[in-house]
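Report on the following structure.
Chain letters run A, B, ... following the sequence lines, proteins first, then strands; residues in each count from 1. Just so you know, these numbers use all the heavy atoms, side chains as well, and skip hydrogens, waters and symmetry mates.
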Amino acid sequence: MGENLIIVESPAKAKTIEKFLGKNYIVKSSFGHIRDLSKKNLGIDIDNGFEPFYEISADKKKIVADLCSAAKKAEIVWLASDEDREGEAIAWHLFDTLKLSPDKTKRIAFHEITKDAILNAIETPRDIDMNLVMAQQARRVLDRLVGFELSPILWKKVQPKLSAGRVQSVALRLIVDREREISIFKPQAYYRVEGIFAHDGSKSKIKAILNTKFSSAEETETFLKKCDGAHFYISAIDKKDTTRTPSAPFTTSALQQEAARKLGFSVNQTMTIAQKLYEAGLITYMRTDSTNLSSLAINTAKESISKMYGVEYSKVRHYHTKVKGAQEAHEAIRPTYINNTSIEGSSAEKKLYDLIWKRTISSQMADAKLEKTDITITSDNISEKFSVQAERIVFDGFLKVYIEGKDEDDENEKITLLPQLSKGQTMINKEIIATEKYTLRPSRYTEASLVKKLEELGIGRPSTYAPTISTISKRGYILKEDRAGIEREYLEISLKESKIVRTTRKEISGTEKGKLFPENIGLVVTDFLAKNFEDIIDYNFTAKVESDFDLIAAGDMVWNNAIGEFYVPFHKKVVKTMQENTHSNAERTIGTDPKSGKTIIARIGRFGPLVQKGTNDDPEKQFVSLKKGQLIENITIEDALQLFELPRTVGKYNDKEIIAAIGRFGPYIKYNSSFISLGKYLDPYTINEKEAISLIDEHAKKESEKYISEFPKHNIQVLNGRYGAYIKCGKDNFKIPKNTDPKSLDEAACLIIIENAKAKKK
DNA sequence: CAGTGAGCGAGCTTCCGCTTGACTT
């Protein structure tokens, strides 16, 4: 036994492959990279040609030891890591670390986990491609140099513990740039005109949109007057046959976008659920940039579609990835067994699986055939034209299963059914409604749309999209938030029965849900990097270095020469910036306090962004923290002054004062030396005595319900917490098993639960 | 846990990409 040892990256993959192969093969996994640059220091000998210093990662020591002993027993070791830059490096690190001998080591690669693909790979082994390994080394060293030289500058010039890097700093910049585009955006008002028409012999009405937009109410009215009493008729009917094509199967980025649009998942949620499905053997690998499907998958899809929907719904399609920098080491994300239309699991798992199944199936289905009709309604005295677009599905094709979601709503609705109409036919105008609209500002990124943008720019990899968003959130650079919109007025001008009527209406605009907003520190860091290291946060920086990595991989460039060319000018800037006697605190004078005449300044302080009343040399200057979401660069004097109104006395209850303020954990009221959080919907600036008292009563009621039972002998309490009842013993908390009534627990029962939990922990 | 906004200085922070668990509040 054990003549052959195959090493792959993922344990789930190892398990699958082992099933395909006979007893002569042992399949183990490396769990990704096994070595990395030293964690403690730079890990690069700059003066010695950027020689990297590699260490076995702490969490991989056991794995390496295990692989080492398995390799010793094996006759041949097959290095089957992924066929991309990182995978090639993993193969080489394994070769080097396990001290394998060249004559008993073979490098193989397969892009799909099927028996044929693996057997085929075993028949065509090759050597480790050292050029590709060096390209990976260049990538690794560059990222370390950028990250570990830029971050310390931020610690010194902005704030400790911050970070910068090739990927995260550009991701942040995208959000910052977008926010600034939005802040300078001035919405333009215009009038969109809709005509409602009827025709003889039918009660149904048709809505048609005018092809001209007016910029003022006067212009709009002039037009409406012209329409009054005009004779409208159909001047053109254009019919056109078109087709619609299904989307390619899922890559990681596409899956994250669709799961966000259709299921409301965060990118992290999507990846966690997908990982579960993958480990259960239900889907193929979930971190991929490839849209390719194995021929086995394509054939199974063809069969399934024919059986379920009919042969005419099937169309075999081969997809090729178009995205910049794609390495295509894996297949697209698809169900492992395509005829599995549904699975067992949590509701989130079922939903995600269903999405993946539908996307995969539809990608192998026929085009939808549509008949589009454009109808134009005019009047001889009027140069503007009304038009209606209708779309009729002649053959639904892939639409039977799946339609890709959209980020933005389509303004022009399309109707599907058209009554019988003919050219020249008279259309009776029932009403014309002109609505004031505003041009749309650019929209803020969602997690998923940020990933989409990063992918387009070739920045980051499928395995890093979710972690990158986590990093810039953890650093306090960005915030994912909902924001309420503001009410605004708009005018509606209508023409009905020869009367022109103006109505002012109200709408809520600018509501945001789950959008990414920059925080003050994110703005400061981006400005700092843009000023001193513009080339690094240039959107094309990655693309530029990637082309060098390609040259290295092709053997046309030496890796450390490429790094040297980058590093020398870069390091000069690092030294120069470090020496400059500046500190970025984003200080901005907002105005003066009308009461005291003192200057109001906003800046970043030791504990975050603040507003200051009085100049820096004023010994009696006062401070107050900014609220979440308030930005130094655009806070108004009114908002800044309002911050000084807290803490404020709201009123009295039982002769004791109620105070409202904002603390470290958000707005609260203080009463009788206890603190009560205001939550999302109450405002400390406006909360009144009555509201505060009802909050206090509610809080008191909850407190009284908190204690279920107490056993002071062992310092045990049974309490009601945020997530239900639990046992508290000293400072440790313990879960109460399901199906156990917390009220029924006596001291002995509690002790058993505690003992069991402690035993399990060990 | 519901503040803070001084200063000294030791010791620490940090990157991107591969992989999963191990913690659970």
Side-chain angles (χ1 to χ4, degrees), chain A residues 8-14 29-37 39-44 57 59-60 63 81-82 84-91 93 136 139-156 159-169 272 275-276 278-279 285 287 327 329 459-465 467-468 471 475 536 542 585 603-612 616 621-625 646-647 659-670 673-678 684 721-723 726 728 731-735 757 760-761:
Chain A
V8 296
E9 291 181 39
S10 149
K13 200 171 171 179
S29 98
S30 74
F31 290 77
H33 278 292
I34 52 156
R35 283 203 305 198
D36 191 15
L37 297 175
K39 264 203 144 42
K40 283 200 177 116
N41 43 39
L42 188 64
I44 299 165
S57 315
D59 54 335
K60 299 293 165 59
I63 292 155
S81 45
D82 298 342
D84 58 14
R85 201 162 62 204
E86 298 296 327
E88 204 67 17
I90 289 173
H93 280 289
Q136 190 275 345
R139 199 279 306 154
R140 182 66 192 93
V141 166
L142 177 92
D143 283 339
R144 174 55 73 88
L145 288 171
V146 170
F148 274 39
E149 294 217 355
L150 284 186
S151 300
I153 305 182
L154 295 179
W155 305 341
K156 193 177 169 203
Q159 205 176 86
K161 294 188 181 179
L162 298 178
S163 64
R166 173 177 59 84
V167 173
Q168 61 168 284
S169 296
T272 311
Q275 176 92 27
K276 281 239 174 73
Y278 168 66
E279 282 169 14
Y285 196 58
R287 291 186 276 261
Q327 312 214 357
I459 298 170
R461 304 277 311 130
S463 66
T464 62
Y465 295 138
T468 299
T471 300
R475 303 276 176 267
I536 305 279
T542 290
N585 64 2
R603 65 177 170 89
I604 291 186
R606 271 211 300 166
F607 308 107
L610 58 81
V611 203
Q612 178 181 321
N616 288 327
K621 57 183 185 282
Q622 288 175 285
F623 303 98
V624 57
S625 286
L646 294 181
I659 310 244
I662 297 178
R664 183 127 157 47
F665 307 100
Y668 65 92
I669 52 171
K670 191 175 169 189
S673 72
S674 66
F675 298 90
I676 306 168
S677 183
L678 285 188
R722 251 205 300 177
Y723 309 112
Y726 66 102
K728 186 181 174 81
K731 54 182 181 172
D732 294 323
N733 296 332
F734 301 91
K735 225 191 264 175
K760 210 176 163 190
K761 214 174 172 182

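Side-chain contact between A:Q136 and A:H33 is present, with at least one heavy-atom pair separated by less than 4.5 Å. With a 4.5 Å cut-off on side-chain heavy atoms, A:S163 and A:S151 count as touching. Between A:K13 and A:D82, some side-chain heavy-atom pair lies under the 4.5 Å cut-off. Looking at A:R603 and A:N616, their side chains come closer than 4.5 Å, going by heavy atoms from C-beta outward.
Nucleic acid contact for A:S625: base, since at least one base atom lies under 4.0 Å from a heavy atom of the residue. Residue contacts for A:G87: at a heavy-atom cut-off of 4.0 Å it reaches no nucleic acid atom on any strand shown. Heavy atoms of A:S151 sit under 4.0 angstrom from at least one base atom. A:P152 comes within 4.0 angstrom of a base, heavy atoms only.
Side-chain N/O atoms of A:R139 and base N/O atoms of B:dC16 include a donor-acceptor pair closer than 3.5 Å.
No donor-acceptor pair under 3.5 Å is formed between the side chain of A:S57 and the backbone N or O of A:D59. Remark: side-chain polar atoms of A:R166 are not paired, donor with acceptor, to backbone N or O of A:T542 under 3.5 angstrom.
An OP1 or OP2 oxygen of B:dC15 is reached within less than 4.0 angstrom by a side-chain nitrogen or oxygen of A:Q168. Taking only side-chain nitrogens and oxygens, A:Y285 comes nearer than 4.0 Å to OP1 or OP2 of B:dT19. Phosphate proximity of B:dT19 to A:R461: absent, as no side-chain N or O sits under 4.0 Å from OP1 or OP2. Under 4.0 angstrom from either OP1 or OP2 of B:dT14 there lies at least one side-chain N or O belonging to A:R475. Proximity of A:R287 to the phosphate of B:dT19: a side-chain N or O atom is located under 4.0 Å from OP1 or OP2.
For the residue pair A:F31 and A:I63, the shortest heavy atom distance occurs at CD1-CD1, 3.7 Å.
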Base-pair map of DNA chain B as dot-bracket, where | denotes pairing with a different strand and pairs are Watson-Crick or G-U under 3.5 Å: .........................
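Two residues, A:G165 and A:F623, neighbour DNA chain B, and the one matched to the more 5' nucleotide by heavy-atom proximity is A:F623.
An aromatic stacking contact between A:F148 and the base of B:dC15 is absent, as defined here by ring centres under 5.5 Å apart and ring planes under 30° from parallel. Lacking a ring centre under 5.5 Å from that of the base six-membered ring together with a plane angle below 30°, A:F675 does not count as stacked on B:dC1. Stacking of the aromatic ring of A:F607 onto the base of B:dT4 is found: the ring centres lie under 5.5 Å apart and the planes are inclined by under 30°.
Taking only side-chain atoms of A:W155, from C-beta outward, the nucleotide of B:dT14, B:dC18, B:dT20 with the closest atom is B:dT14.
Regarding A:E149, its CD atom lies at a distance of 12 Å from the C1' atom of B:dT14, rounded to whole Å.
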